[in-house]
Amino acid sequence: MTKQRIKAEPMTDAAHKNKPTELGTASERQTRILATILSAVVLVGGLIIAFVTRQFGFPLWVTMPVCICSAWLAWTLPMRKVRRRREILGRPFPVEWEVVLQKDVAFFRALQPEEKTRFRNELMIFLAEKRITGIQTEIDTRTLVLVGASAIIPIFGFPEWEWNQINEVLVYPNRFDKGFGLEGGDGQNILGMVGTGAMNRIMILVKPDLIQGFKNAGDKRNVGIHEFAHLVDKSDGVIDGVPGVGLDREAIGPWIELVRRKMQEIDDGESDLNRYALTNEAEFFSVATEYFFERPGIMERKHPELFVMMQKVFMQDMKSRVQDLRREIAAGEMKFGRNSPCPCGSGKKYKKCCLYR
């Protein structure tokens, strides 16, 4: 199979007016603290070694520079990620990406202004640090941004989340079979997959289904969110339908019992949850996640206990976002053209501002 890769670099010089200049995240502070501790330990250890070896004839003017350089490396190496992310967020947010978010991602449009800023920042970091690879298909701007949005939506309640479970997303042109074949056949019905074994840290998404999942934001189906929900589930090391985040130890038992009851309701034909959730507990979790983010109001009304649990798992107050999200879903895919307000926030029309930059 031929591969075509796209490097996630900003595609315009137009900056969004809400871009923050200071990061100050807990993750950065923790990295600084760990780097400081590690550097101090190396420095103290080096000094002890330097003075001990002095007794055996090694002069301090030889051992001290080695000690200082080791302490400096112990500080600077852990800080590489912090410096790289500062560089990423110092770039302007691409207007082309903003257009996709405004047109296709109802979840984003329902956010408050400061939340939108954080969403943009997390999107830039994800797309800069992960490979998005097209398999016999082009990775256009829309596909690129929707892959990133699929990752950001389920973990938006965790500002310090690190996507260590994945390195690359493969985008297929159509559905595939269990052998990853694209030639056609009865078994070619897989929309997405989280890799295991030799495919560990790799996800596969089907381009048309990824786009359709966002285009129809109210059908309770979104393959991108579905597959990234599997990785949230995997945060404790295993994909088993019991997420390793959000639920404390005392809540795990009630969660397992709730899943059992809800799966029985589906089997009895008494639920509007997709029957694919009956595959196993892991698929139930991902199907429920799609429902939760696309139709939280309906889930709250029809499945109140499940809705409350999902809010705990993802640490997102979707109840307060229901009205805004319902309005954005009702609006459908937002029309965006040359005469639309420019998403850079200048107040000018798109054609008079960033269209040709």
Side-chain angles (χ1 to χ4, degrees), residues 1-4 104-105 130-140 142-151 153-154 165-234 238-241 259 262-295 299 333:
M1 292 183 289
T2 60
K3 291 188 176 183
Q4 177 262 337
D104 296 325
V105 186
K130 308 302 177 183
R131 294 189 299 274
I132 314 298
T133 304
I135 305 298
Q136 299 180 8
T137 190
E138 177 188 2
I139 301 298
D140 54 19
R142 188 182 194 187
T143 303
L144 182 74
V145 174
L146 293 185
V147 170
S150 300
I153 289 171
Q165 305 96 324
I166 187 171
N167 294 329
E168 184 173 18
V169 178
L170 305 181
V171 180
Y172 278 31
N174 48 57
R175 299 183 184 187
F176 55 97
D177 57 32
K178 292 182 179 180
F180 310 107
L182 294 168
E183 292 74 18
D186 294 338
Q188 193 169 326
N189 58 2
I190 301 177
L191 287 69
M193 178 182 293
V194 173
T196 58
M199 295 283 288
N200 191 33
R201 298 183 185 276
I202 293 177
M203 176 186 293
I204 302 175
L205 294 174
V206 172
K207 184 175 180 177
D209 291 288
L210 170 69
I211 293 173
Q212 181 61 29
F214 283 94
K215 188 173 183 179
N216 189 345
D219 63 351
K220 300 175 288 188
R221 296 185 181 185
N222 185 303
V223 66
I225 292 176
H226 181 105
E227 296 304 326
F228 277 100
H230 280 314
L231 293 184
V232 173
D233 184 1
K234 195 180 180 181
V238 60
I239 300 176
D240 59 359
V259 171
K262 288 299 178 182
M263 291 179 75
Q264 186 61 54
E265 290 177 9
I266 299 172
D267 197 37
D268 293 339
E270 299 174 353
S271 175
D272 63 337
L273 281 160
N274 191 321
R275 289 189 65 84
Y276 187 67
L278 291 177
T279 305
N280 52 48
E281 288 80 1
E283 295 299 345
F284 176 91
F285 175 69
S286 284
V287 168
T289 299
E290 296 175 82
Y291 196 148
F292 176 69
F293 285 111
E294 291 223 334
R295 283 297 191 178
M299 176 178 273
E333 183 180 0

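Keep in mind it's a predicted model, so treat the numbers as computed, not measured. Throughout, residue positions are numbered sequentially from 1 according to the sequence presented.
- Within the structure, salt bridge (Lys or Arg N to Asp or Glu O under 4.0 Å) pairs that include any residue of residues 203-213 comprise D140-K207, R175-D209 (at least two apart or interchain).
- Looking at residues two or more places apart in sequence or on another chain, you find a salt bridge (Lys or Arg N to Asp or Glu O under 4.0 Å) between R275 and D267.
- Annotation: side-chain contact (heavy atoms from CB on, under 4.5 Å) contacts of N274 (sequence neighbours excluded): R221, Y276, V287.
- Legend: residues meeting side-chain contact (heavy atoms from CB on, under 4.5 Å) with E281, ordered by chain and number and at least two apart, are V259, M263.
- You'll find the side chain of D240 reaches within 4.5 Å of the side chain of D233, heavy atoms only.
- Residues K130 and V169 fail the side-chain proximity criterion, which asks for heavy atoms closer than 4.5 Å.
- In this structure D272 satisfies the side-chain contact (heavy atoms from CB on, under 4.5 Å) test together with K220, Y291, I298, K302, H303, sequence neighbours excluded.
- In this structure, F214 has no ring pair (Phe, Tyr, Trp, His ring centres under 6.0 Å) partners at least two apart in sequence or on a different chain.
- Here E265 pairs with K262 under the side-chain hydrogen bond (donor to acceptor under 3.5 Å, both in side chains) rule; sequence neighbours left out.
- Side-chain contact between I266 and F284: present, with at least one pair of heavy atoms (C-beta onward) separated by less than 4.5 Å.
- A search for side-chain hydrogen bond (donor to acceptor under 3.5 Å, both in side chains) contacts involving E227 returns nothing, not counting sequence neighbours.
- With contacts defined as side-chain heavy-atom distances shorter than 4.5 Å, the pair T289/F285 qualifies.
- For the side-chain contact (heavy atoms from CB on, under 4.5 Å) test, residues two or more places apart in sequence or in another chain that qualify with P208 are V206.
- Under the salt bridge (Lys or Arg N to Asp or Glu O under 4.0 Å) criterion, K234 pairs with no residue, sequence neighbours left out.
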